[in-house]
Amino acid sequence: MLSAQERIQVAQVWDLIAGHEASFGAELLLRLFTVYPSTKSYFKHLGFCPDETQLLTHGQRMLEAVGVAVQHMDNLRAALSPLADLHAQVLRVDPSNFPLLIQCFQVVLASHLQGEFTVEMQAAWDKFLTGVAVVLTEKYR
């Protein structure tokens, strides 16, 4: 899925995120809910107006899952199988929401990393996150 250079770029960006998963994840969720309010329906456990602690906690969990994917780029299917089962069979998330999440994540990365997030890194992350979304939606078939 990814070239050797793209793998390096994904890992480099992840190194910049490491230690900030909760804040990046909370911002990602807040952006997602603001730009695409319909996505809130999949996060009913956060309530109508989630507080900062809830956003940080769930954001941390989301980005920890991305971290697992980064660590297992060679075998995303095996690494993300439990998460794919959860989203397809339990949460029943409409797969059309994954591209929305990817878009919001890219904006969060660009806003925080600015010049460190090069065009090549953005392209590598787009390809990587799209691969993650493909794996997460395979259980829907």
Side-chain angles (χ1 to χ4, degrees), residues 1-47 49-141:
M1 173 179 86
L2 298 172
S3 70
Q5 183 61 33
E6 289 167 334
R7 290 170 189 269
I8 290 168
Q9 291 165 333
V10 168
Q12 287 173 332
V13 171
W14 187 252
D15 287 344
L16 295 170
I17 296 170
H20 306 284
E21 293 90 346
S23 61
F24 274 60
E27 186 174 335
L28 167 59
L29 284 169
L30 190 57
R31 180 171 297 279
L32 182 71
F33 297 159
T34 301
V35 178
Y36 304 105
S38 65
T39 60
K40 277 183 155 180
S41 66
Y42 295 104
F43 297 88
K44 290 179 182 166
H45 64 285
L46 296 179
C49 225
D51 64 27
E52 183 179 5
T53 302
Q54 291 171 310
L55 290 171
L56 288 168
T57 300
H58 197 79
Q60 173 84 29
R61 285 190 2 222
M62 286 175 60
L63 262 66
E64 284 174 354
V66 173
V68 167
V70 170
Q71 293 171 356
H72 297 93
M73 282 187 264
D74 291 329
N75 196 358
L76 286 176
R77 278 184 186 85
L80 299 179
S81 184
L83 194 59
D85 288 336
L86 174 68
H87 282 80
Q89 298 168 8
V90 178
L91 301 174
R92 298 185 187 269
V93 174
D94 182 339
S96 67
N97 288 295
F98 292 120
L100 307 179
L101 186 70
I102 290 170
Q103 179 187 44
C104 290
F105 193 23
Q106 296 276 21
V107 172
V108 170
L109 290 174
S111 70
H112 282 276
L113 305 179
Q114 296 181 8
E116 293 179 277
F117 192 54
T118 66
V119 172
E120 295 81 14
M121 287 176 166
Q122 188 276 330
W125 267 81
D126 188 52
K127 191 173 178 181
F128 168 68
L129 292 172
T130 299
V132 169
V134 166
V135 167
L136 291 178
T137 59
E138 286 177 343
K139 300 284 182 146
Y140 288 81
R141 297 183 186 128

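Sequence positions, counted from 1, serve as the residue numbers for this chain.
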List the steps, then state whether side chain to side chain contact (heavy atoms under 4.5 Å, CB included) holds for L63 with L28.
-> CA-CA 10 Å; L63 262 66; L28 167 59; 4.1 Å; yes
Please check if the side chain of H58 supplies one atom and the backbone of Q54 the other of a donor-acceptor pair under 3.5 Å.
-> no
Is any side-chain heavy atom of L76 closer than 4.5 Å to a side-chain heavy atom of V132?
-> yes
pair E138-V134: side-chain heavy atoms closer than 4.5 Å | yes
Without swapping roles, check the side chain of E6 against the backbone of S3 for a donor-acceptor pair under 3.5 Å.
-> yes
Tightest non-hydrogen contact, residues P82 and A79, listed as CD-O, 3.9 Å
First locate atom CZ of R61, then atom CG of L29, and finally report the distance between them rounded to the nearest 0.5 Å.
-> 10.0 Å
Residue set satisfying salt bridge (Lys or Arg N to Asp or Glu O under 4.0 Å) with D85, at least two apart, ordered chain then number -> K139
Indicate yes or no: at least one non-hydrogen side-chain atom of E27 is less than 4.5 angstrom from one of H112.
-> yes
Please test V70 against F128 for side chain to side chain contact (heavy atoms under 4.5 Å, CB included), starting from the C-alpha separation and ending with a verdict.
-> CA-CA 9 Å; V70 170; F128 168 68; 3.7 Å; yes
Heavy-atom distance under 4.5 Å between the side chains of H87 and T137, does that happen here?
-> no
Kindly give the heavy-atom pair with the smallest separation between L80 and A65, and that separation in Å.
-> CD2-O, 4.2 Å
Which heavy atom in A84 sits nearest to a heavy atom in V135, and how many Å separate them?
-> CB-O, 3.9 Å
Listed partners of F105 passing ring-ring contact (aromatic ring centres under 6.0 Å, His included), at least two apart = W125
Any side-chain heavy atom of V107 within less than 4.5 Å of one from V35?
-> no
Under 3.5 Å donor-acceptor, Y140 side chain and D94 backbone = no
State the OH-CG distance between Y36 and L100, to the nearest 0.5 angstrom.
-> 5.0 Å
Point-to-point distance, once rounded to the nearest 0.5 Å, from OG1 of T39 to CZ of R31 | 12.5 Å
pair N97-L101: side-chain heavy atoms closer than 4.5 Å = no
Between atom NZ of K127 and atom CG of L2, what is the distance when rounded to the nearest 0.5 Å?
-> 6.0 Å
Name the atoms and distances for all side-chain donor-acceptor pairs under 3.5 Å in residues 14-22, with sequence neighbours left out.
{"unit_1": "E21", "atom_1": "OE1", "unit_2": "G19", "atom_2": "N", "d": "3.0"}
{"unit_1": "E21", "atom_1": "OE2", "unit_2": "G19", "atom_2": "N", "d": "3.4"}

Hey, could you give me the CE/CD distance between M121 and Q5, rounded to the nearest 0.5 Å?
-> 9.0 Å
Take atom CD of E52 as the centre, draw a 6.0 Å sphere, and report whether it contains more than 12 heavy atoms from other residues, nucleotides or ligands.
-> no
Distance in Å, I102 CD1 paired with L32 CG, rounded so as to fall on 0.5 Å steps = 11.5 Å
Taking C-beta and beyond as the side chain, do F33 and L55 meet within less than 4.5 Å on heavy atoms?
-> yes
